[in-house]
Amino acid sequence: QVQLVESGGGLVQAGGSLRLSCAASERTVNWYAMGWFRQAPGKEREFVAAISWSADNTYYADSVKGRFTISRDNAKNTVYLQMNSLKAEDTAGYYCAADPIGPRAIVGGRPSYWGQGTQVTVSS
């Protein structure tokens, strides 16, 4: 069973930066598309970003384009989410996701695997 473990969340002031990491338990995940979702209190979980297994293709929600960057290091079985110019509305639990089929399953909100999440709080 694939396990995904997020880290890097915390409290940051508006305009600041954070980098989230998601470590996978198996090297087979290197062949999976991976991505990030977030869920704010009282709201539905929403797609944030996705990356193909080769890192050739990336996808972003409109709300984070130009501010967030997804990347991966397959040697470390890890995907990252660099978040810059953070806003109060970015406050949410951030969840890592993975899917063996490809990024479409993640962009469509139906990944096969989920992490437990890490909290990001942006103070205004």
Side-chain angles (χ1 to χ4, degrees):
Q1 180 72 12
V2 171
Q3 293 185 337
L4 306 173
V5 179
E6 302 95 334
S7 61
L11 175 64
V12 64
Q13 289 187 335
S17 298
L18 279 177
R19 188 177 80 156
L20 305 182
S21 299
C22 171
S25 60
E26 303 178 7
R27 293 190 62 81
T28 53
V29 178
N30 291 341
W31 300 102
Y32 292 8
M34 298 188 74
W36 292 90
F37 289 77
R38 67 186 182 186
Q39 186 169 20
K43 296 187 177 180
E44 293 186 354
R45 190 172 296 187
E46 64 175 1
F47 166 75
V48 174
I51 187 168
S52 61
W53 71 269
S54 63
D56 286 346
N57 297 295
T58 56
Y59 308 82
Y60 296 94
D62 288 343
S63 58
V64 306
K65 279 181 183 176
R67 300 188 299 122
F68 291 11
T69 302
I70 189 170
S71 62
R72 65 191 299 162
D73 184 344
N74 286 346
K76 297 181 179 180
N77 304 344
T78 300
V79 66
Y80 304 98
L81 185 68
Q82 178 67 44
M83 305 185 294
N84 298 328
S85 302
L86 283 161
K87 306 174 182 179
E89 50 263 44
D90 295 317
T91 294
Y94 281 72
Y95 298 85
C96 181
D99 194 273
I101 302 301
R104 285 189 178 183
I106 295 176
V107 175
R110 302 179 308 278
S112 296
Y113 304 101
W114 292 96
Q116 293 298 309
T118 185
Q119 179 66 33
V120 172
T121 302
V122 184
S123 63
S124 56

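Atom set for the values below is all heavy atoms of this structure, side chains included, hydrogens, waters and symmetry mates excluded.
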### Message
Please list all pairs meeting ring-ring contact (aromatic ring centres under 6.0 Å, His included) that have one or both residues in residues 62-104, counting only residues at least two apart or in different chains.
### Response
none

Taking salt bridge (Lys or Arg N to Asp or Glu O under 4.0 Å) as the definition, give me every residue that meets it alongside [X], ordered by chain and number, with sequence neighbours left out.
X	result
Asp56	none
Arg110	none
Lys43	none
Glu26	none

Atom pair [atom1] ([X]) and [atom2] ([Y]), whose distance is rounded to the nearest 0.5 Å:
X	Y	atom1	atom2	answer
Gln82	Ser21	CD	OG	9.5 Å
Leu11	Leu18	CG	CG	9.0 Å
Gln119	Gln39	CD	CD	10.5 Å
Ile51	Asn57	CD1	CG	9.0 Å
Tyr32	Ser52	OH	OG	15.5 Å
Asp73	Asn30	CG	CG	9.0 Å

### Query
Do the side chains of Tyr113 and Val48 join up, straight or via other hydrophobic residues, at under 4.5 Å, putting them in one cluster?
yes

### Message
Starting from Val12, can I reach Val64 by hopping between I/L/V/M/F/W/Y residues whose side chains sit under 4.5 Å apart?
### Response
yes

For the backbone of [Y] and the side chain of [X], can you confirm whether one donor and one acceptor N or O come within less than 3.5 Å of each other?
X	Y	result
Tyr60	Gly66	no
Asp99	Ile106	no
Asn74	Trp31	no

### Task
Give me the other members of the hydrophobic cluster that Val5 sits in, counting Ile, Leu, Val, Met, Phe, Trp and Tyr linked by side-chain heavy atoms under 4.5 Å, directly or via other members.
none

Indicate the atoms forming the closest heavy-atom contact of [X] with [Y], along with that distance.
X	Y	value
Ala14	Ser124	CB-CA, 4.2 Å
Pro103	Ala33	N-CB, 3.4 Å
Ala98	Val29	CB-CG1, 4.3 Å
Thr91	Val122	OG1-N, 2.9 Å

### Summary
Taken in chain and number order and not counting sequence neighbours, the residues that satisfy side-chain hydrogen bond (donor to acceptor under 3.5 Å, both in side chains) with Ser7 are none

### Task
Sequence neighbours left out, what pairs pass side-chain hydrogen bond (donor to acceptor under 3.5 Å, both in side chains) with at least one residue falling in residues 9-20?
Ser17-Asn84

### Query
Of all residues at least two apart in sequence or in a different chain, which pass the ring pair (Phe, Tyr, Trp, His ring centres under 6.0 Å) check with Phe37?
Phe47, Trp114

### Task
Please collect all disulfide bond (SG atoms under 2.5 Å apart) contacts where either partner lies in residues 11-55, sequence neighbours excluded, each pair once.
Cys22-Cys96

### Task
Provide the full list of disulfide bond (SG atoms under 2.5 Å apart) pairs with a residue in residues 29-75, sequence neighbours left out, each pair given once.
none

### Query
Do the non-hydrogen side-chain atoms of Val120 and Met83 ever get within less than 4.5 Å of each other?
yes

### Task
Please examine the side chains of Thr58 and Ile70, heavy atoms only from C-beta on, and report whether any two atoms are closer than 4.5 Å.
yes

### Query
In chain order, what residues pass the side-chain contact (heavy atoms from CB on, under 4.5 Å) check against Ser25, with sequence neighbours excluded?
Gln3

### Task
Mark yes when over 12 heavy atoms from residues, nucleotides or ligands other than Gln116 sit less than 6.0 Å from its CD; otherwise mark no.
no

### Message
I'd like to know if Lys65 pairs up with Asp62 as an ion pair, taking the criterion as any Lys NZ or Arg NE/NH1/NH2 lying under 4.0 Å from an Asp or Glu carboxylate oxygen.
### Response
yes

